[in-house]
> 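Following this message is one structure expressed as structure tokens.
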2 protein chains.
Amino acid sequence: MSKKENEFVELDHGGGGFKSAEIIGDIRSIMNFTGKWKNCEDDSAVFFLGKKGHLVFTTDAFIVDPLFFPGGDIGKISMCGTINDLAVMGADPLGISLSIVMEEGFPREDLRKIIKSIDKISKESGVPVVTGDTKVTEKGKIDKIEITTAGVGIAQKVIKNSGMKAGDLIISSGDLGEHAVTLLATRFNYKTKLKSDCGPMNHELKKVREFLTSCKDPTRGGVGANLVEMAEKSKVKVILQEKELPYKKETKAVSEILGIDIFSLASEGRFIASVRPKDAERVLKILQKFNPEAKVIGKASKGKGVFLENELGGFRPIEMPKGKLIPRIC
Amino acid sequence: MSKKENEFVELDHGGGGFKSAEIIGDIRSIMNFTGKWKNCEDDSAVFFLGKKGHLVFTTDAFIVDPLFFPGGDIGKISMCGTINDLAVMGADPLGISLSIVMEEGFPREDLRKIIKSIDKISKESGVPVVTGDTKVTEKGKIDKIEITTAGVGIAQKVIKNSGMKAGDLIISSGDLGEHAVTLLATRFNYKTKLKSDCGPMNHELKKVREFLTSCKDPTRGGVGANLVEMAEKSKVKVILQEKELPYKKETKAVSEILGIDIFSLASEGRFIASVRPKDAERVLKILQKFNPEAKVIGKASKGKGVFLENELGGFRPIEMPKGKLIPRIC
């Protein structure tokens with residue numbers, strides 16, 4: 001038996017870091033972007049529709065533990081994840097598909113709560129759930145419930161991960177990482193005042209998207225994995241200012257207690273974007289109406305890599321997270 | 001505690017029969033088809049795009065046991081299920097999203113086989129996989145692998161479940177139910193010559209769709225659940241001719257041995273459609289090039305319900321399957 005035949009999927013393969021890229025590579029190798037599909041390496045795939053603009057299409061699977069947490073639940077995150085993947089591409093989300101797989105014995109009251117939460121986000125975002133599928137498995141074949149959403153949207157101008165230019169300023173739409181630490185704290189019964197940042201971003205992105213040269217939501221893999229990817233695709237160097245990074249004190253504290261790299265913490269209602277310096281003030285003014293913590297956190301320049309500059313002028317590289325990041329939270 | 005709070009999801013809720021309708025009702029209640037979305041109660045949702053036609057959007061989740069079976073595997077069925085849901089609506093499928101959730105320890109060799117099979121169907125059907133998501137859960141949180149696909153397509157003329165008219169002839173595109181009995185026989189280690197009928201139908205549907213007044217693929221719930229739904233939505237009565245029903249001898253035999261209602265057996269590469277009598281011959285001629293078993297199996301008339309007429313002229317009603325249909329096979 002060859003070595004290949006002895007290989008097994010590892011948890012790290014799904015963490016959004018270096019190992020993920022390996023298995024996603026296996027899967028991407030079969031994608032054949034024929035005809036009018038393009039740009040399929042970003043958060044969504046894009047199909048050129050002519051005068052109507054671009055059809056944007058994406059999907060996300062959600063296994064969340066715990067199902068209910070401060071600030072959200074698996075229903076809310078399933079909606080926001082897909083709405084946001086469309087919105088960061090510059091699209092107006094048109095509709096969501098909802099696929100639910102549950103184990104036999106799942107409480108219908110919990111299912112109703114999850115559906116109510118989906119409905120709330122649908123109304124808040126203005127994005128309807130338009131099609132779906134429901135499967136029930138024998139007890140033990142799935143842990144409680146798994147939700148997969150897909151979404152379609154229309155974009156006039158597509159925002160690419162690769163659009164960052166030397167000289168651009170890097171903006172965070174708000175404080176980061178609170179979603180990840182909230183889920184972890186809840187799972188470990190660690191009491192905090194933290195609340196998931198999970199939320200739909202289509203309304204705020206609609207107001208600023210014309211000014212963004214690149215945009216991505218730092219979910220799985222956190223700002224670390226996501227900025228490294230953006231910088232690499234854009235062929236620029238990014239320097240972040242440590243003192244400007246919008247992590248709440250409690251987010252920092254919990255991540256230190258749990259020994260987790262703060263740059264790997266997922267957010268579910270924040271985006272990282274680049275803008276031309278002349279547009280930065282206008283963009284920030286708009287974003288701060290949605291979240292006062294929106295700010296410039298760094299700058300792109302010629303070169304490669306992502307670096308953190310501390311207050312003493314020292315630099316350290318931020319790398320694609322390696323190995324097991326954190327337990328599955330999104 | 002009220003009775004409601006004590007309710008749990010049952011296996012029957014996912015079987016495609018009467019009980020499924022109950023939980024799908026809970027979920028459908030939140031769907032708010034705003035704006036240009038319509039016809040969302042069929043296999044796919046439809047969004048009016050103007051001159052470009054209609055955007056058709058659908059999703060399907062797949063938990064299949066066994067993962068590999070004669071004639072297919074979970075990868076093939078995940079592609080065909082979604083391609084066919086678009087095709088029966090009259091659409092040309094544009095692209096597929098592929099979401100894979102695996103447990104830690106899943107053999108990478110099996111994953112490669114599944115991906116290869118997805119690739120084969122993608123090439124055969126001409127429908128690319130354009131976006132995806134991969135998650136890995138801790139061991140035991142999911143039974144091996146779950147795949148959810150969603151699909152988008154464009155239809156010039158949408159075929160509705162409700163379009164059957166009194167006088168229409170009912171056509172089956174081929175022999176029925178072989179997928180279901182193949183999976184069951186494989187699961188029970190019962191040796192047969194059966195092979196799943198799983199396959200993409202977009203090419204054959206493209207050639208006949210202009211003549212179809214209604215169309216549906218009898219997957220979950222089989223011809224029973226699906227024809228009952230079509231007749232109900234179309235407000236017609238359907239009479240099937242028992243002697244015309246295209247079940248292979250071995251399909252019949254295995255379903256009898258296992259004690260399963262033959263009308264509840266799923267196919268994954270067949271459709272049931274209605275046509276005006278004047279178009280029947282032309283449609284059959286085309287379909288028989290793809291499958292010689294394509295034939296007229298019944299007729300729609302004024303009234304309600306679905307009935308089976310035997311060779312002696314006796315009638316028995318075919319009803320929406322109740323209770324647990326068969327183990328999860330699609």
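Lettering follows sequence order; numbering is per chain, from 1. Model, not experiment: these values are computed from the prediction.
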> For A/V152, is it the side chain, the backbone, both, or neither that has a heavy atom closer than 4.5 Å to a heavy atom of chain B?
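Both backbone and side chain.
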> Chain B heavy atoms under 4.5 Å from A/I114: which part of the residue, side chain, backbone, both or neither?
neither
> Spell out, as yes or no, whether a donor-acceptor pair under 3.5 Å connects the side chain of B/H203 to the backbone of B/E124.
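Looks like yes, one N/O pair under 3.5 Å.
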> Do side-chain atoms of A/E104 reach the backbone of A/K139 as a donor and acceptor pair under 3.5 angstrom?
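Confirmed, A/E104 side chain pairs with A/K139 backbone.
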> Taking only residues two or more places apart in sequence or in another chain, which ones pass side-chain hydrogen bond (donor to acceptor under 3.5 Å, both in side chains) with A/K144?
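So A/K144 forms no side-chain hydrogen bond (donor to acceptor under 3.5 Å, both in side chains) with any residue.
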> For B/D143, which residues count as a side-chain hydrogen bond (donor to acceptor under 3.5 Å, both in side chains) partner, sequence neighbours excluded?
A/K141
> Most heavy-atom pairs under 4.5 angstrom with chain B, which of A/L49, A/T149, A/T59?
A/T59
